[in-house]
Amino acid sequence: MLRATCFTPSLSRACCPLLVLILRVPSAHRPHRRCFSPFREYHSSLSVKGSRERRLILTENNRYLCTMPLAAKQSPPSPSEHMSKKAKKKAIQQSPEAVLKQKLDMCSRDGNVLEALRLYDEAKRNGVQLSQYHYNVLLYVCSLSEGAAAESSPNPGLGRGFDIFKEMIVDKVVPNEATFTNGARLAVAKDDPEMAFDMVKQMRAFGIQPKLRSYGPALFGFCKKGDAEKAYEVDAHMVESEVVPEEPELTALLRVSMDAKNVEKVYEIMQRLRDLVRQVSKSSFDMIEEWFSSEAAAKAGVKKWDVKKIKDGVVSGGGGWHGQGWLGTGKWNVTRTEMDENGVCKCCKEKLVCIDINPVETENFAASLTRLASEREVKASFNQFQEWLARHGPFDAVIDGANMGLVNQRNFNFFQLNNIVNRCQQISPSKRLPLVILHKSRVHGGPATNPKNRALLEKWKNAGALYATPPGSNDDWYWLYAAVSCKCLLLTNDEMRDHLFQLLGNSFFPRWKEKHQVRISVSRENGLKLHMPPPYSIVIQESEDGTWHVPMSVEDDLQTSRQWLCARRSKTH
């Protein structure tokens with residue numbers, strides 16, 4: 001296989017990294033040749049010192065090479081200035097490039113690699129100008145074909161994928177993050193995670209910020225091969241690029257560390273799971289159980305430790321962990337168990353802690369939430385709500401009115417919402433009404449026209465405890481901002497997992513939600529019941545004597561009891 005050292009200075013890895021990377025891959029249809037003249041001119045234009053100049057060049061290339069051709073190129077003979085907007089739009093939609101895009105999208109949806117390759121060959125024969133989008137879809141479909149191909153039949157995508165990648169460069173189409181990521185998937189499909197990792201490294205030369213998905217092929221590829229050191233190298237590159245791993249990446253690192261019996265790395269990854277994931281899936285839960293039951297885990301640990309240092313570590317970390325390493329020696333007692341309502345383990349009788357939230361983190365979170373809401377809502381409307389809240393707040397509780405009025409109901413139920421409002425007032429330290437957030441349509445139409453419901457709305461409005469969000473707004477931003485800024489309880493059964501809440505990140509928001517969300521259940525037997533935040537944190541916890549408690553994630557812990565893993569030493573010191 002050719003390496004960078006084989007090239008002339010003008011084609012070194014530093015000046016044209018993508019070319020070096022691509023030419024490492026043997027063509028499926030022709031042998032290697034040392035004549036690389038088709039690539040010289042294009043890549044020499046990218047060899048500009050300084051990121052600003054490179055971005056300008058890439059922007060110019062992208063403008064002319066990676067966009068759909070103007071409609072005028074495919075328009076009827078009549079002058080384009082005399083065409084109506086509708087005619088221009090139709091001309092664009094019927095252009096060969098647009099038709100190819102639509103057909104490739106269908107291939108992507110169906111995973112039809114053979115049809116995608118046929119369309120590609122046909123387009124090249126007919127001189128259709130392929131854009132960045134076309135090439136990315138083609139590479140994506142080729143990378144998918146590994147799973148679709150039978151073991152006995154050759155993979156149709158892999159043989160052509162890298163040729164298409166090289167043709168993209170010949171056509172002077174500037175790659176983006178998706179291009180490199182699809183190339184990395186192709187490399188791993190050819191059992192070459194090293195090349196997949198090289199793909200990620202090349203992104204910086206093109207001014208491209210890698211995403212989490214960019215690292216997946218290389219990381220999972222090395223983990224599959226059992227190459228722990230290379231997996232750690234990929235992980236370190238992710239950290240350097242400020243890319244935060246999620247549970248699949250961390251559990252892959254955990255598995256390769258377990259297999260390598262690297263006890264320090266296992267400990268480190270357990271702490272990262274605690275910090276970033278908190279509650280693990282069943283597969284991760286089973287893997288952690290396997291670790292604590294292993295001989296390597298029994299050998300890991302110390303007989304004596306500095307108790308004061310451990311206590312100081314717990315305090316500085318906010319509680320629930322110390323981070324000083326495995327404590328104790330010998331075999332672990334590993335048990336699947338549950339917690340009682342106070343957070344006491346039914347196995348070892350240890351009480352879990354409620355981990356503190358830093359007030360500064362709360363303020364930063366409120367500022368971030370304000371910025372996001374202002375970007376996605378009509379700014380004047382959201383600013384008006386902030387001013388209203390400053391005049392009428394703070395509140396002890398905020399109610400997601402639409403959600404609470406529909407729990408176990410076919411239609412919106414003001415009677416149920418009123419019961420929740422009254423219950424909140426009863427448990428409120430100030431005994432004032434909670435803030436009810438409702439969309440304006442629910443305040444003025446439908447069941448709101450009923451005289452009894454109208455009386456309730458007027459009562460809440462006169463007490464300064466009702467806010468009607470304007471048409472076209474998303475209620476979620478309003479009730480969430482109100483609860484965060486008032487540092488109070490939030491009543492909603494919304495799991496807060498959709499795109500809006502993903503924007504808030506996985507670092508602080510889950511911890512805030514756990515301490516502030518109140519949910520309700522309604523049944524004939526028990527009526528209306530409020531489920532207050534638990535008095536302990538549902539997160540992986542490491543106690544001062546070295547005992548671990550690991551929670552399994554569940555869809556709805558009101559319906560399903562949560563399993564915990566309790567792992568404690570037979571002997572501790």
Side-chain angles (χ1 to χ4, degrees), residues 140 143-144 177-178 180-182 184-185 188 193 196-197 199-200 203 208-225 227-228 230-259 262 265-291 320-321 323 355 361 365 368 372 495-514 537-542 548 550-555 557 562-563 565:
Y140 174 73
S143 70
L144 287 180
E177 180 273 332
F180 284 102
T181 298
N182 289 328
R185 290 170 178 155
V188 169
F197 191 23
M199 287 278 185
V200 180
M203 291 188 186
I208 299 171
Q209 172 64 28
K211 296 182 179 180
L212 180 59
R213 67 179 186 178
S214 309
Y215 288 96
L219 179 63
F220 295 127
F222 284 128
C223 289
K224 183 179 179 180
K225 282 178 169 287
D227 193 338
K230 293 300 295 186
Y232 300 152
E233 189 180 335
V234 177
D235 181 41
H237 199 279
M238 289 174 62
V239 174
E240 184 182 348
S241 300
E242 298 182 344
V243 174
V244 180
E246 295 180 354
E247 185 174 0
E249 291 75 25
L250 290 174
T251 51
L253 287 165
L254 179 63
R255 167 56 67 189
V256 78
S257 300
M258 288 169 54
D259 293 342
N262 190 332
K265 271 293 181 181
V266 171
Y267 184 83
E268 174 196 321
I269 295 162
M270 285 286 292
Q271 294 292 357
R272 293 169 72 184
L273 282 167
R274 173 196 58 76
D275 182 43
L276 299 173
V277 180
R278 297 175 60 82
Q279 306 153 28
V280 300
S281 64
K282 184 181 185 306
S283 59
S284 300
F285 189 89
D286 294 341
M287 191 183 301
I288 294 170
E289 183 179 39
E290 179 186 340
W291 160 252
W321 67 286
I355 300 172
E361 286 185 297
F365 179 60
S368 175
L372 288 169
E495 292 296 334
M496 293 181 266
R497 292 174 180 167
D498 63 19
H499 175 68
L500 181 155
F501 301 105
Q502 290 176 7
L503 295 172
L504 301 172
N506 294 323
S507 176
F508 179 79
F509 182 56
R511 289 183 283 148
W512 180 90
K513 184 174 72 169
E514 182 181 82
S537 295
I538 306 173
V539 61
I540 296 174
Q541 297 199 20
E542 176 191 35
W548 286 76
V550 181
M552 186 191 297
S553 59
V554 294
E555 285 295 325
D557 58 2
R562 187 187 304 276
Q563 274 200 322
L565 189 72

Side chains of T181 and Y140 in contact at under 4.5 Å (non-hydrogen atoms) | no
Please round to the nearest 0.5 Å and tell me the distance separating atom CZ of R274 and atom CH2 of W548.
-> 7.5 Å
To the nearest 0.5 Å, what is the distance between CD1 (I540) and CD1 (I288)?
-> 5.0 Å
Rounded distance (nearest 0.5 Å) linking atom CG of L253 with atom CG of N262 = 11.0 Å
Work out which heavy atom in S537 is nearest to a heavy atom in I355; give both atom names and the distance.
-> OG-N, 2.8 Å
Please examine the side chains of R213 and E177, heavy atoms only from C-beta on, and report whether any two atoms are closer than 4.5 Å.
-> yes
A184 and P217 have their tightest heavy-atom pair at O-CB, 3.7 Å
Identify the heavy atoms of T251 and S284 that sit nearest to each other, and give their distance.
-> CG2-OG, 2.7 Å
Keeping the roles fixed (side chain from Q279, backbone from I538), state whether a donor-acceptor pair exists under 3.5 Å.
-> yes
Within a strict 4.5 Å, meaning less than it, do heavy atoms of the E542 and Q271 side chains meet?
-> yes
N182 side chain to A178 backbone, donor-acceptor under 3.5 Å | yes
Between E249 and E246, is there a donor-acceptor pair closer than 3.5 Å when you use the side chain of the first and the backbone of the second?
-> yes
Is the side chain of E361 donor-acceptor paired with the backbone N or O of F508 at a distance under 3.5 Å, no angle test?
-> no
Under 4.0 Å between a Lys/Arg side-chain N and an Asp/Glu carboxylate O for E233 and K230?
-> yes
CG-OH distance between D227 and Y232, expressed to the nearest 0.5 angstrom | 10.0 Å
Sub-3.5 Å donor-acceptor pair from the side chain of E247 to the main-chain atoms of V280, do we have one?
-> no
Is any side-chain heavy atom of I208 closer than 4.5 Å to a side-chain heavy atom of F180?
-> yes
Are R278 and E514 side-chain neighbours, meaning at least one heavy-atom pair lies under 4.5 Å?
-> yes
Got a second to check how far L254's CG is from I269's CD1, nearest 0.5 Å?
-> 5.5 Å
Measure the shortest side-chain to side-chain distance between K224 and F220 over non-hydrogen atoms and say whether it is less than 4.5 angstrom.
-> no
Kindly say whether S241 contributes a backbone atom to a donor-acceptor pair with the side chain of Q209 at under 3.5 angstrom?
-> yes
How close do A218 and V188 get, heavy atom to heavy atom, and via which atoms?
-> N-CG2, 4.1 Å
Any donor-acceptor N/O pair, S257 side chain to K265 backbone, under 3.5 Å | no
Side-chain donor/acceptor of R562 to backbone N/O of M552, under 3.5 Å = yes
For S281 against S553, the heavy-atom pair lying closest together = CA-OG, 3.7 Å
Hey, does the side chain of S214 reach the backbone of K211 with a donor-acceptor pair shorter than 3.5 angstrom?
-> yes
Give, for atom CD of E268 and atom CG of D235, the distance between the pair rounded to the nearest 0.5 Å.
-> 7.0 Å
Aromatic rings H237 and Y215: how do their planes relate, parallel, tilted or perpendicular, breaks at 30° and 60°?
-> tilted
Could you tell me how the ring of F222 sits relative to the ring of F197: parallel (under 30°), tilted (30 to 60°) or perpendicular (over 60°)?
-> perpendicular
